[in-house]
Amino acid sequence: MHNCNIDGVPPELLLQIMFYLTPSGIRNLIVNRALRPVCEQGLYKNILIPRHSERVIRLLETFLARPDLALLVRHLSIDLSWLGRYEQAQDPSSLQPNPLQALSLAGNLKSFAPHGIADWIWGPTMSAFRDAVFGMKLTRLEIPLLRDPSMPWGCTWPDDEGIVDFNWDGGLGQEFLRLFQSQPLLEELILPTGDLTWETVEGLATNLKESDIPSLKFLRAAPDEAPAFLSVSSRLERLSLTIGDWDEDMFSAMEAASTSIKLSIRSFSIRVWYHDERRPWLWTNLAKVFGLFPNTESLSVTINSSTTMDNVPYAQYYFGKVAEQVHLFSSLRSVGVKYETLYPAKPGIFDVEAQTIDAFKVACPLLQSLVDPMDRLWTFGPQPQSSRESCAHLVGKLRPEYYGHMKDLPARTDDGCPLQDLNMRNRNIDNMPAELQLRVMLYLSPGEIRNLIVNRALRPICEQALYGTILITSYSERSIRLLETFLARPDLALLVRHLSIDLSWLQRHDQPNPLRALSLVTNLKSFAPDGVARWVWEPTMSALRDAVFGMKLTRLEIPYLRDPKAVYECSWSNEMTVKKEEVWEGDLGPEFCKLFQSQPLLEDESDIPSLKFLEASPDEAVAFLPVAPRLKQLSLTIGNWNEGVFSAMKAASTSIRLSIRSFSIRVRYHDRQRTWLWANLDKVFGLFPNVESLSVTINSSTTVKDVPYAQYYFSTVAEHVYLFPALLRSVRVEYETLYPLKPGIFDVDAQTIDEFKATCPLLKSLVDPMDRLWTFGPQHQGPGGCCAHLVGKLRPEYYGHQKDLPARTDDNA
């Protein structure tokens with residue numbers, strides 16, 4: 001049981017552990033000097049104090065006293081209703097928080113929600129606070145409350161002499177524009193529910209441009225407010241509509257505004273009123289609203305039934321209504337239906353029928369999970385085993401989030417210790433949530449997990465970690481023993497999600513029965529059959545093909561393929577003799593179509609409806625790009641680029657060029673025979689201008705002596721990343737060579753690293769050819785200064801030959 005000390009756990013995992021603990025639980029650990037930095041990150045990274053002014057004041061005092069803690073804050077949701085009322089304390093020695101000075105110390109803040117102030121966007125007395133917000137570099141902004149000055153009562157505020165009435169002309173359109181233009185990184189925007197007047201919405205609809213919100217991916221707004229944003233948010237993927245009085249006009253405005261992004265919305269949430277005589281439109285036309293965003297994968301419907309009326313239907317009525325219409329979402333993976341009521345204790349008010357739960361799965365074959373009005377989580381198997389048997393599995397009731405009034409972190413004394421004594425109970429790993437225990441296991445090697453499997457409480461988690469992802473690509477003996485384990489322990493086969501296995505021995509061994517063993521892995525999502533190059537087409541491999549066709553995969557890797565179009569590929573052997581050579585008519589197109597049609601869930605390859613990631617050579621990729629509308633990640637392997645290949649790629653990628661977010665390309669070194677790509681790198685990069693993650697790998701594995709070193713290619717890539725100016729967040733440049741020990745072959749200039757950031761202001765990280773990870777601050781330190789921070793060298797992945805898990809005996813020893 002060596003090396004089980006928590007001090008040896010990586011900081012990233014320790015931080016994950018902290019997120020499962022309460023603030024008081026973290027304080028119990030902060031007495032440990034080694035854990036204190038991680039504990040402080042856990043306490044200060046996300047701060048939510050929306051109602052308690054006293055706690056907010058103490059928090060800002062802490063920022064002023066400890067600016068290093070302010071730098072840890074990423075999300076800040078605080079009550080600022082006390083601004084302007086806070087009086088100087090009687091004790092002159094006490095520290096008074098200057099809110100703007102304290103907020104300015106939170107230099108790494110990414111998410112901000114100012115509660116308790118309703119006029120900060122427009123109030124004249126709030127100009128300094130507005131400037132402070134404009135100076136932040138936010139990716140998420142929530143406006144919990146807003147008083148629009150277009151309303152008569154909205155234009156009154158206190159000053160030194162009393163109450164002043166202010167006559168405001170027009171809405172807040174221009175004020176919102178200034179706010180959005182100050183936040184070019186904004187990805188999530190949450191507007192107050194129904195607080196925008198018609199004048200403000202009209203001003204936004206008239207003047208808002210895509211350049212004002214270029215990065216917006218999530219929007220929460222009322223149905224009458226959202227259309228002003230939808231038509232200019234080309235990158236929007238998640239939409240949450242709050243309560244509104246739906247009618248035909250509102251629907252028509254929503255339909256017209258969402259035309260350009262209707263196929264891009266993947267997550268759709270809507271909160272609606274209960275059904276009565278005054279609100280008949282929505283529940284009569286729910287199909288029309290659902291039909292606005294047909295590619296939705298995650299759906300949430302909340303019914304607000306908070307009324308004293310006696311004739312309001314119970315939850316089952318609305319649950320059934322939603323079930324009748326979800327067939328409009330052919331790609332739906334998860335559903336949540338919530339029911340809000342003033343009488344939660346009324347018998348049967350939340351009850352739903354099991355038949356209705358099954359109806360969701362029947363309507364949406366890809367559905368994986370459902371949360372019903374009782375807050376119960378259900379998951380679904382592939383299909384019911386019989387017409388009368390339910391495919392739904394009850395996981396359990398969700399635990400409600402609790403935002404109680406918790407004690408603050410005690411200030412640290414000069415010697416670094418807390419001011420009060422703290423106990424150290426509840427530190428046993430058995431008390432950790434199962435999800436966190438599994439995360440811990442994933443950081444351990446198989447040998448270390450075997451040291452823990454003797455603990456009966458940890459054995460199920462250890463088995464999940466060992467069998468969840470299996471990678472055996474080179475060792476036939478280990479593959480055979482693994483399949484023997486599946487036959488002896490079918491419960492372990494059910495744990496496997498990713499299987500990459502060497503099957504080169506298939507036609508040489510009779511035992512174990514590989515197809516029977518693979519059939520037991522019914523929860524498999526990712527499969528890579530290594531060592532069999534002809535399974536897609538060879539007649540003797542039809543049984544393996546049928547087994548793969550029966551899987552429900554989201555990822556498929558074909559490591560090796562021999563195309564029968566080559567003459568020497570059309571001969572195969574059986575047990576007795578070698579058959580004479582046969583001629584293959586046509587190509588493998590029909591065989592691949594059969595494969596893709598058997599895998600409707602496939603994300604990593606009408607035939608490929610769910611494809612999100614593709615790795616292929618440039619000349620192969622052009623066959624997939626025109627028919628993969630949901631593709632987001634593209635990896636191009638080595639190919640002989642020329643004008644013809646580029647033209648074909650350009651034509652094929654027209655419909656998805658703006659959707660690609662991750663682009664990887666592996667290319668050959670630059671020499672006289674391969675001049676086109678390096679002379680036209682700007683053309684290739686320009687194919688996908690919205691890329692956020694870029695990876696370029698240079699294969700320089702050659703004995704030619706005059707091949708340039710890594711710096712040449714590194715700077716060439718730096719010269720062309722300007723083609724991704726608005727969105728690029730991460731870059732990696734790798735250099736492959738036969739001579740890794742040659743002095744200076746991987747060296748790169750610090751100046752070139754700075755050029756990447758100067759060209760792409762949003763760049764957050766870079767990995768250079770030496771496998772060093774660099775991160776970037778929000779701006780340069782000064783003239784000639786470097787904003788790059790060296791995190792360290794990446795640790796290479798190692799796929800060594802490890803010992804197998806010993807089989808468990810009948811006595812579970």
Side-chain angles (χ1 to χ4, degrees), residues 11-12 71 74 107-108 110 137 139 184-185 215 633 635-636 660-670 677-686 688-701 707-737 739-797:
E12 299 83 359
L71 291 175
R74 297 297 185 273
N108 295 322
K110 299 300 181 184
K137 302 301 180 184
T139 59
L185 309 183
S215 304
Q633 299 171 273
S635 178
L636 298 179
I660 298 298
R661 295 292 184 259
S662 175
F663 179 46
S664 302
I665 184 170
R666 189 165 179 258
V667 297
R668 296 188 188 278
Y669 58 91
H670 185 198
L677 180 67
W678 292 106
N680 296 275
L681 194 60
D682 55 340
K683 286 185 170 184
V684 178
F685 280 3
F688 309 108
N690 284 351
V691 165
E692 298 178 3
S693 176
L694 173 69
S695 175
V696 181
T697 301
I698 299 94
N699 184 315
S700 186
S701 300
V707 174
Y709 283 9
Q711 172 62 34
Y712 169 81
Y713 303 103
F714 192 59
S715 59
T716 303
V717 174
E719 292 169 5
H720 292 90
V721 290
Y722 71 89
L723 292 156
F724 313 111
L727 305 175
L728 195 64
R729 305 296 178 90
S730 65
V731 176
R732 181 166 189 169
V733 180
E734 299 182 71
Y735 184 77
E736 300 171 347
T737 177
Y739 308 104
L741 300 180
K742 186 180 290 187
I745 195 168
F746 292 109
D747 291 352
V748 294
D749 296 336
Q751 181 179 356
T752 311
I753 294 173
D754 288 340
E755 289 176 4
F756 278 92
K757 178 64 175 178
T759 306
C760 301
L762 303 189
L763 192 65
K764 295 181 178 179
S765 64
L766 179 145
V767 178
D768 64 22
M770 298 177 70
D771 280 341
R772 298 179 301 180
L773 174 63
W774 300 81
T775 58
F776 299 92
Q779 57 187 2
H780 287 273
Q781 296 176 0
C786 176
C787 64
H789 168 67
L790 177 59
V791 178
K793 191 175 178 67
L794 297 181
R795 183 173 58 186
E797 293 182 293

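Here the closest non-hydrogen pair linking F714 and P769 is CD1-CD, 3.6 Å. Residue K757 comes nearest to L762 through the heavy atom pair NZ-C, 4.3 Å, listed as atom of the first residue, atom of the second, then distance. Residues F724 and P689 share a closest heavy-atom pair of CD2-O, 4.0 Å. Contact record, I753 with A788: CG2-CB, 4.0 Å, taken as the closest heavy-atom pair. Heavy atoms only, all atoms of each residue included: V707 and S700 are closest at CG1-OG, 2.9 Å. Taking each heavy atom of L728 and V731 in turn, the nearest pair found is CD2-CG2, 3.4 Å.
Rounded to the nearest 0.5 angstrom, K137 NZ and N108 CG are separated by 13.0 Å. Expressed to the nearest 0.5 Å, how far OG1 of T759 lies from NE2 of H720 amounts to 11.0 Å. Rounded to the nearest 0.5 Å, atoms CZ (R668) and CD1 (I698) are 13.5 Å apart. A distance of 9.5 Å separates NE2 of H789 from CH2 of W774, quoted to the nearest 0.5 Å. Atoms CZ and NZ, on R74 and K110 in that order, are 7.5 Å from each other to the nearest 0.5 Å. Within the model, atoms CG of L763 and CZ of R729 stand 10.0 Å from one another, a figure rounded to the nearest 0.5 Å.
I745 places a side-chain heavy atom less than 4.5 Å from the side chain of Y735. By the 4.5 Å heavy-atom criterion applied to side chains, V667 and L636 are not counted as neighbours. When side chains are defined from C-beta on, T737 counts as touching F746, because their heavy atoms get closer than 4.5 Å. V691 places a side-chain heavy atom less than 4.5 Å from the side chain of I660. Using a 4.5 Å heavy-atom cutoff, the side chains of M770 and D747 are in contact. With contacts defined as side-chain heavy-atom distances shorter than 4.5 Å, the pair L694/F685 qualifies.
Not a single ring pair (Phe, Tyr, Trp, His ring centres under 6.0 Å) links Y709 to another residue, sequence neighbours left out. Legend: residues meeting side-chain contact (heavy atoms from CB on, under 4.5 Å) with S695, ordered by chain and number and at least two apart, are S664, T697, R732, E734.
Ring pair W678/Y713 is tilted by interplanar angle, where 30° to 60° counts as tilted.
A distance-only check finds a donor-acceptor pair linking the side chain of Q711 to the backbone of D749 [under 3.5 Å]. Looking only at distances, no side-chain donor or acceptor of S693 sits under 3.5 Å from a matching main-chain atom of R661.
S765 and S730 share no donor-acceptor pair across their side chains, judged by distance under 3.5 Å alone.
Crowding of E736 atom CD: a count of heavy atoms from other residues, nucleotides or ligands under 6.0 Å exceeding 12.
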### Working for side-chain contact (heavy atoms from CB on, under 4.5 Å), residues F756 and D768
CA-CA 11 Å; F756 278 92; D768 64 22; over 6 Å; no
